[in-house]
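For reference, the structure discussed in these notes is given below.
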2 protein chains.
Amino acid sequence: MAGIKDVAARAGVSVATVSRVLNDHSGVREETRTRVLAAVSELSYRPNTLARSLRTDQTRTLGLVISDVLNPFFTELARAVEDEARARGYSVIIGNADEQLTLQDHHVRTLLDRRIDGLLVSPADGDSLALREAALAGIPMVFVDRWIAGLDVPLVRADGRSAVRELVAHLYALGHRKLAIITGPVASTTSNERLAAFRGALAEHGLPLPDHYIGQGDFQTASGRRVTESFFTLPEPPDAVFATDNLMALGVMEQVRTLGLRVPDDVSLAAFDDIPWFLHTDPPITAIAQPTQQLGHRAVAALTDLVERRSPLGAPPGPRPGEKSGGGSAGSVTLSAHLIARRSCGEDERTRR
Amino acid sequence: MAGIKDVAARAGVSVATVSRVLNDHSGVREETRTRVLAAVSELSYRPNTLARSLRTDQTRTLGLVISDVLNPFFTELARAVEDEARARGYSVIIGNADEQLTLQDHHVRTLLDRRIDGLLVSPADGDSLALREAALAGIPMVFVDRWIAGLDVPLVRADGRSAVRELVAHLYALGHRKLAIITGPVASTTSNERLAAFRGALAEHGLPLPDHYIGQGDFQTASGRRVTESFFTLPEPPDAVFATDNLMALGVMEQVRTLGLRVPDDVSLAAFDDIPWFLHTDPPITAIAQPTQQLGHRAVAALTDLVERRSPLGAPPGPRPGEKSGGGSAGSVTLSAHLIARRSCGEDERTRR
DNA sequence: GCCGCGCATGGAAACGATTACATCGGTCAT
DNA sequence: ATGACCGATGTAATCGTTTCCATGCGCGGC
């Protein structure tokens, strides 16, 4: 494969000049430039990014570690991230953690080894050594959707609390009183927030949330099935189930069907995260929708800001002027989620139509 | 960030020795080795893969270019690919082509620039300059699922023809006579094969396949909607529609609902590619299932074979002994797909239950 | 007529690893 | 005792770029 030397030789100039042309630095005679460009295309030369990155210490690459590729929410997110990154001249390397801490850390390390310029993470449950180290080492880093308490890393997410309140009101209005929830892993920040909001909203309606109505899931389909099964061994099964992500909702559907029951006749179902398929399930599933694309875009914006602020100027990473630093770390963004009522919780005036 | 020199200094040895320890080459005294290892962990040193790859001319990285991340079939494939690759000590960089030729070529070039060791592609419709060049340049490369005619690149895929025949028989048995199909892009190899098989099977049953029952899609949801809409402006709309991928099937569902019609009462629906959601749509969708995971695994196996055969030995790439080179390029693999009948085509003894 | 300056270009040192080759004791066979 | 050999380690070249500094040249001002 042709190298910069070959190009230089062919154009009759030095490698330095070729490099200047390629990175369009000023101070190259027009005629020389065209000669170089000609040589480049004749040899169909492409710079070796490895060498380039080694020298310049930047890869123009972002790492994205997502919790689960099979979850449509995350693939939509990944897609948005990639789009925005490409628009800004970065490429993205995706690592899929499959909700496993060890796999997540594996990917974080691999990405860091590749010397990515910045890291976007939707961290799995639990304490991640790799992430803690990376944050301490000052790797530009942004959390999306989920986060790790105690780490001073900007966070881009949607606050689902008011939407959860809406949901509970909706369920209450439809006559449901025995509401259950399926959470994510114990330490999952998003899941805990959703649980807290759920509990709070129930209290507002004077409803209890007994422990046996709190199912411990792990954001994956199988756990939705398992928890549903256990719900229906209770003397008094819930009449509505709120799954804190879409895969677990799928699990609920599967198990409900296995048990020979029906949604919403035997039990209502709602999910966090809306996805296209929910429109066409039987019945269509009520869900809380996040502005997924925007999350991706904003996250990349926040990250590239971080990346680019640290290299050119030695400016200290103090908060920028026009940024509302609402609570979290500088650069954090909080969008909002909203309820989309469908038939899976029973009929009402909004869904009957 | 600490470099190999720092480790060497700390351990009181030369960089060569450190390198030898790190790549466990023989001929390092046990005591020296432990001293080096100690230094490594004290400095929490991690080798710079850029430098390493630059020198060794291999990245232990595979590129995967998929047609559409939002398509569950491809994310499942991607996941299988990543798993298998990781098991073999490779990492994977995914590029999402979004069914666009230019985006695909962009990713192919980017991946090549990164000096990946091998490329796995499920090529989009049309003639790809980048892929042609890569193949000619001898980049180790394997096609998965889709392929490009005329390029001598191994192909790992599932042959859906017999499953399509099964499907047509199924539809015929249910009394359908006006069968339509929604294809992918014109030049798409998989779509064409499915179309041909469909046409052939119809002929076996003495059924015609008029042009207006062939809808031109592009493997994306919106095209499924569009084609469905046009089907229902025909004087005689089809009574069954076969979508050649799952996203277009989703589009059909959406449009059928928009038109105020119902599946399967007003029109039957079947799709190529089975996905978990199809079990829970209203109604559950009859689909042709591919062994997706296996496709991913076998593709990686084929690719790493290629990669590893070319470096250590100068062995010519002739076909290996125990390989059935069925028609395609050496290393090709063909698995089979099968029909999963559900209610979207109407009731019969298999689905009524 | 000379100095200094700016412009276009080239030479060569990095970046951080791997690895061929040299070196240096020590052991053993002759 | 000598040299061949071997095992453990070090020296330095190398991969393909970028970039600092030097160089040479033409030109305007004095």
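Each chain gets a letter, A, B and so on, in the order the sequences are listed, and its residues count up from 1.
Phosphate proximity of C/dG10 to A/Thr17: present, with a side-chain N or O under 4.0 Å from OP1 or OP2. Between D/dT9 and B/Arg29, a contact under 4.0 Å exists linking OP1 or OP2 to a side-chain N or O. For the pair A/Asn48 and D/dC15, the criterion of a side-chain N or O lying under 4.0 Å from OP1 or OP2 is not met. OP1 or OP2 of C/dT9 lies within a sub-4.0 Å distance of a side-chain N or O belonging to A/Thr32.
In summary, the side chains of B/Ser122 and B/Ser67 do present a donor paired with an acceptor at a separation below 3.5 Å, with no hydrogens or angles considered.
Side-chain proximity of A/Val15 to C/dA12, C/dT19, C/dA17: nearest is C/dA12.
Looking at A/Arg55, its side chain has no donor and acceptor atom pair within 3.5 Å of the base of C/dG16.
Within 4.0 Å of B/Thr49, counting heavy atoms only, lies no atom of the nucleic acid at all. Residue-level contact check: B/Gly3 touches the backbone only, with heavy atoms under 4.0 Å from sugar-phosphate atoms and none from bases. When heavy atoms are screened at a 4.0 angstrom cut-off, A/Ser19 is found touching base atoms of the nucleic acid.
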Item to check | Check against salt bridge (Lys or Arg N to Asp or Glu O under 4.0 Å), B/Asp83 and B/Arg79 | outcome: CA-CA 6 Å; B/Asp83 284 353; B/Arg79 152 119 191 239; 3.6 Å; yes

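For the pair B/Asn23 (side chain) and B/His25 (backbone), a donor-acceptor distance under 3.5 Å is absent.
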